[in-house]
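One is the number of the first residue; the rest follow in order along the sequence.
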Amino acid sequence: MDFLAKGMDIISKGMIVFGGVWTVWGIIILATGLNETNGHSIRDGVLRAISGALIIVAAAWLTTMDFNFA
């Protein structure tokens, strides 16, 4: 059994879920900032949405890595 590969698969799935939630939360903050015309909220929302997307990309990249050392 390849426990390291299974563990990394579970971690990457968790990271994809976290990145999706983080992206949605950033979009909500962005929409609130646009509604209130608050520059700081707009900036924070954009940065959170982008960072959530980067987390998803990193998690997807983890699934492509090969952890077989034999």
What's the separation between atom CZ in Phe18 and atom CD1 in Ile56, rounded to the nearest 0.5 Å?
10.5 Å
List, by chain and number, the other hydrophobic cluster members for Val46, where Ile, Leu, Val, Met, Phe, Trp and Tyr join if side-chain heavy atoms come within less than 4.5 Å, directly or indirectly.
Leu30, Leu34, Ile42, Ile50, Leu54
Should Ile27 and Leu47 be counted in the same cluster of Ile, Leu, Val, Met, Phe, Trp and Tyr side chains packed under 4.5 Å apart?
no
Rounded to the nearest 0.5 Å, how far apart are OG of Ser41 and CG of Asn35?
10.5 Å
Test Thr63 against Ser12 for side chain to side chain contact (heavy atoms under 4.5 Å, CB included), laying out the working first.
CA-CA 7 Å; Thr63 60; Ser12 67; 3.3 Å; yes
Salt-bridged, Asp44 to Arg48, with N to O below 4.0 Å?
no
Is the side chain of Thr23 donor-acceptor paired with the backbone N or O of Ala53 at a distance under 3.5 Å, no angle test?
yes
Out of curiosity, does Met15 fall in the hydrophobic cluster containing Met8 (side-chain heavy atoms, cut-off under 4.5 Å, transitive links)?
yes
Point-to-point distance, once rounded to the nearest 0.5 Å, from CD1 of Ile29 to NE2 of His40:
14.0 Å
So, Thr64 side chain and Trp61 main chain: donor-acceptor pair closer than 3.5 Å or not?
yes
To which residues is Ile10 joined in a hydrophobic cluster, defined by side-chain heavy-atom contacts under 4.5 Å among Ile, Leu, Val, Met, Phe, Trp and Tyr, whether direct or through other members?
none
Of all heavy-atom pairs between Trp22 and Gly52, which one has the smallest distance, and what is that distance?
CD1-N, 3.6 Å
